[in-house]
Every structure is written in C-alpha cells, then in structure tokens.
> 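Following this message is one structure expressed as structure tokens.
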Amino acid sequence: MKKVVKNFINPFQWFRAWRFHRHTAQYDKSQFDLELAFYAKILNNDMLHWGWFEDSGIDVSSISIAALEKAQIRYANEIISRIEDLQHAILDIGCGMGGLANAIHKNALNVELLTPNDNQAAYVKQQYPALKIYTCRFEDMPVNKQYGTLINAESLQYINLDEAFRKAETLLLTQGRWIITDYFRLTASGSNQSGHLLDDFKKQLDEDKWEIIEALDISNQLVPTIGFVKIYADRFLRPLVHLGSEKLRYKKAWLYYLAKDFLLSINAKIDREMASVDPELFLKEK
C-alpha cells in the first residue's frame, strides 16, 4: 500500500504515466488488434466468423470450443460451395486472420486476401506465406486485375455501400459473383447500430443493377454462437468483474473508493456490449 501511495504522490511517476498514456494512445485498431490476440489464443482455425450451426435449437450451454470451431468450418464450406468460377482468382475482402482464405486455398482455388489491418496482415504473412495479401482498404484496392469471385464475410458492414459497389464493379469480371454474408439492420432504431440497413443495401443493389443469384437468411444458423457468447459472459465475465471489484473493496477499500466511478463505467460498458450478443434482440433487430 505504501508503494502505491508513493506512486500517486510522486510527480515523476505522474510524468511517466502521462508519457505512457501518450505513447499508448498512438496505437489504433489496425496496429494493435486486441481482439486478434484474444481469438488467436482461443480458436485454432484462424476464423473470426459467427459460424454455422445446423441445429439452431441446440442447448447453448452444451456448445464446446470444438463445436464452435466446427461451426466456423461449416460456415466457410457454405461460402466455398457457392464459388462457381474455379478458373479465375478469388478475393477475400476483410480477411481477418486468414482462416477462410486458407480453407479456400485447401480446395485448390486461387485466392488472394485484403485487410486494412496491419496486424492481421502480418499474422497472415507469417501463418500463410503462400497467400498473396493486400494491406489497404477495399475502396483503395489497386485495379490491376479482375476477379471471378469477391467475398465479403462479415466485412461489408465496415465499408460505405456506395464505395463498395463502385469498387466491386471495377474488380469483378463480367458474369463474376460477389458473395456477401453480413449483418443487416431491419430498422434505423435499435440497441445495436452496427451493420447497414437492409433497405439501403437492397436500394443500392437496384440502383447499380446487380442480379441477385441467391438471398438466404442465415440468422438461425449463427444464433447459437451468439447465445454461446452471452452465456459465458453472464456466467464468467460478469462474476469475474464482480469478484475483482469486491476483492478490491475488502482488501484496499481506499483504492476501491477512488476507483468506484471507473468500475461503474466498466459495468456500463459490459451492458452495452452485451446488447450485441442477445439472441432474441438480434433476431428482432437484424
């Protein structure tokens, strides 16, 4: 306790803390991807997708990590089964850790990757050196070749729709196929605002005269994964946060008192994040 107090009243420690804060603030998501490091420790297939469960009514408390990984592989296979042009190159847009592209590559198909995330690109280059990867935004992708298939697996939501369609038009061969799996909001209101409005997406399709080959709602197939995340958050994350808070209160009450507003903000942050992993809310809004 004496050491902690000394750090609080030591002006040199305050200066070092300020310098550390300024240095840390320079990192953005593309340079220091905490989620990437987190998922890489948990999952072994390098996929960052919600997965595809054939049994949408499965008891989520019975889902294992192995079952979750199998669902992600099934998700990848569903996408691969929709690739018709086997002669021309495929572009995986927003490739994440490269798991989907690796699965495509294992099917003897020519696939290239794109991510604006420097950390993801470095990971892919290390894990899959045989795969060509572009490190840029899709909107800034150089048009030096065209592809038979473009894939946006849960990545279109991060791209302006008008720009995405304009770039896809230049990169896709005539009669090429654009495979998109993503979240689409059903209304402008709602607790979770990620993803494009479905009506806006359909309007863009009509305006740019794209022909829809297949439209499939796979919400029920991915809901078990959402339920899996929620149950572990409720049973482990929240209790762990509460345990840590209570231990601090009993062992260092003075520090708990000083940090209680910060601890409240953590709980509020968890509540906001949990809104995106509520299966019933998801099905209602997306």
Side-chain angles (χ1 to χ4, degrees), residues 29-30 33 35-36 39 47-52 72 75-76 78-85 89-101 103-104 111-117 120-121 124 133-143 146-173 176-188 190 192-219 221-223 225-226 276-277 282-283 285-286:
K29 185 173 174 61
S30 67
D33 194 335
E35 288 86 353
L36 175 63
Y39 285 118
M47 294 185 184
L48 300 179
H49 309 299
W50 281 110
W52 181 297
Q72 291 182 320
Y75 174 100
E78 289 289 342
I79 291 176
I80 293 170
S81 70
R82 287 161 171 79
I83 299 173
E84 287 196 341
D85 187 340
I90 300 155
L91 181 63
D92 180 9
I93 304 159
C95 63
M97 296 165 67
L100 173 60
I104 295 172
V111 61
E112 298 178 359
L113 302 79
L114 180 146
T115 177
N117 187 310
Q120 289 181 354
V124 170
I133 185 167
Y134 298 89
T135 309
C136 63
R137 301 188 313 153
F138 178 56
E139 304 93 309
D140 302 326
M141 174 79 174
V143 186
Q146 289 185 303
Y147 298 86
T149 309
L150 302 178
I151 298 175
N152 278 93
E154 297 171 32
S155 59
L156 183 66
Q157 59 185 294
Y158 304 112
I159 309 173
N160 175 275
L161 278 180
D162 184 58
E163 292 184 71
F165 274 79
R166 195 182 316 133
K167 178 59 70 171
E169 189 74 41
T170 63
L171 288 175
L172 197 62
L173 288 164
R177 176 170 287 196
W178 190 5
I179 301 173
I180 300 169
T181 62
D182 216 326
Y183 315 101
F184 294 94
R185 290 184 290 136
L186 299 177
T187 64
N192 192 323
Q193 292 294 304
S194 64
H196 296 296
L197 281 168
L198 184 57
D199 286 344
D200 289 346
F201 177 69
K202 290 179 177 179
K203 181 180 178 183
Q204 196 77 51
L205 283 169
D206 291 338
E207 288 179 356
D208 289 5
K209 297 180 173 58
W210 284 78
E211 179 186 357
I212 301 173
I213 303 300
E214 178 185 19
L216 181 64
D217 183 0
I218 63 171
S219 301
Q221 279 67 48
L222 62 84
V223 157
T225 308
I226 296 177
S276 65
V277 291
F282 179 86
L283 290 174
E285 297 182 353
K286 295 190 176 183

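Hydrogens, waters and symmetry mates play no part in the numbers below; they use all other heavy atoms, side chains included.
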> Short question: side chain of Ser155, backbone of Asn152 - any donor-acceptor pair under 3.5 Å?
no

> Could you tell me which non-hydrogen atom of Leu172 sits nearest to which non-hydrogen atom of Trp178, and how far apart they are?
CD2-N, 4.2 Å

> About how many Å separate OG1 of Thr115 and CE of Met97, when rounded to the nearest 0.5 Å?
12.0 Å

> Does any part of the side chain of Cys95, heavy atoms only, come nearer than 4.5 Å to the side chain of Leu114, both counted from C-beta?
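With C-beta onward as the side chain, the pair stays apart.
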
> For Glu112 and Leu91, what are the C-alpha separation, side-chain angles and deciding distance, and is it a side-chain contact (heavy atoms from CB on, under 4.5 Å)?
CA-CA 5 Å; Glu112 298 178 359; Leu91 181 63; 4.2 Å; yes

> For the residue pair Gly51 and Leu222, what are the closest heavy atoms and their distance?
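Closest heavy-atom pair between Gly51 and Leu222: O-CB, 3.7 Å.
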
> Locate the shortest heavy-atom distance separating Phe201 from Phe184; write the atom from each residue and the value.
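Closest pair (atom of Phe201, atom of Phe184, distance): CG-CE2, 3.5 Å.
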
> Look at the side chain of His196 and the backbone N and O of Leu156, then say whether any donor-acceptor pair between them is shorter than 3.5 Å.
yes

> Can you name the closest pair of heavy atoms from Lys167 and Phe138 and give their distance?
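Closest heavy-atom pair between Lys167 and Phe138: CG-O, 3.3 Å.
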
> Determine the minimum heavy-atom distance between Leu100 and Ala153, stating which atoms define it.
CD2-CB, 3.9 Å

> Could you tell me whether the side chain of Gln72 and the main chain of Met47 form a donor-acceptor pair under 3.5 Å?
yes

> To the nearest 0.5 angstrom, please state how far the CD1 atom of Ile79 sits from the OG1 atom of Thr181.
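It is 4.0 Å, given to the nearest 0.5 Å.
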
> What are the two closest heavy atoms between Arg177 and Arg82, and how far apart are they?
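Smallest heavy-atom distance, with atoms named: NH1-O, 3.1 Å.
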
> Between atom CD of Glu139 and atom CG of Asp162, what is the distance when rounded to the nearest 0.5 Å?
10.5 Å

> For Leu283 and Val223: C-alpha separation, side-chain torsions, deciding distance, then whether side-chain contact (heavy atoms from CB on, under 4.5 Å) applies.
CA-CA 8 Å; Leu283 290 174; Val223 157; 3.6 Å; yes

> For Lys202, is there an ion pair with Asp206 - N to carboxylate O distance below 4.0 angstrom?
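No salt bridge links Asp206 with Lys202.
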
> For the atom pair CG (Asp92) and CD1 (Ile104), what is the distance rounded to the nearest 0.5 Å?
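Asp92 atom CG to Ile104 atom CD1 measures 5.5 Å (nearest 0.5 Å).
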
> Kindly say whether Pro116 contributes a backbone atom to a donor-acceptor pair with the side chain of Arg137 at under 3.5 angstrom?
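Answer holds: no.
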
> Is it the case that over 12 heavy atoms from other parts of the model lie below 6.0 angstrom from the CD1 atom of Ile212?
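At most 12 heavy atoms, drawn from other residues, nucleotides or ligands, come within 6.0 Å of this atom.
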
> So, does Gln146 use its side chain to make a donor-acceptor pair with the main chain of Thr170 at under 3.5 Å?
yes

> Would you say that Glu207 contacts Phe165 through its side chain, given a criterion of any heavy-atom pair below 4.5 Å between the two side chains?
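Glu207 vs Phe165: side chains apart.
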
> When rounded to the nearest 0.5 angstrom, what is the spacing between OG1 in Thr187 and NZ in Lys286?
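Output value for this atom pair is 10.5 Å.
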
> Give the intermediate values and the outcome of side-chain contact (heavy atoms from CB on, under 4.5 Å) for residues Ile151 and Val111.
CA-CA 10 Å; Ile151 298 175; Val111 61; over 6 Å; no

> Given 3.5 Å as the limit, does a donor-acceptor pair link the side chain of Asp217 with the main chain of Ser219, or not?
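Here the side-chain-to-backbone pair exists.
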
> Tell me, do Leu197 and Arg185 make a side-chain contact under 4.5 Å, heavy atoms counted?
yes

> To the closest 0.5 Å, what do you measure between CD1 (Ile93) and CG (Leu150)?
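Those atoms lie 4.5 Å apart.
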
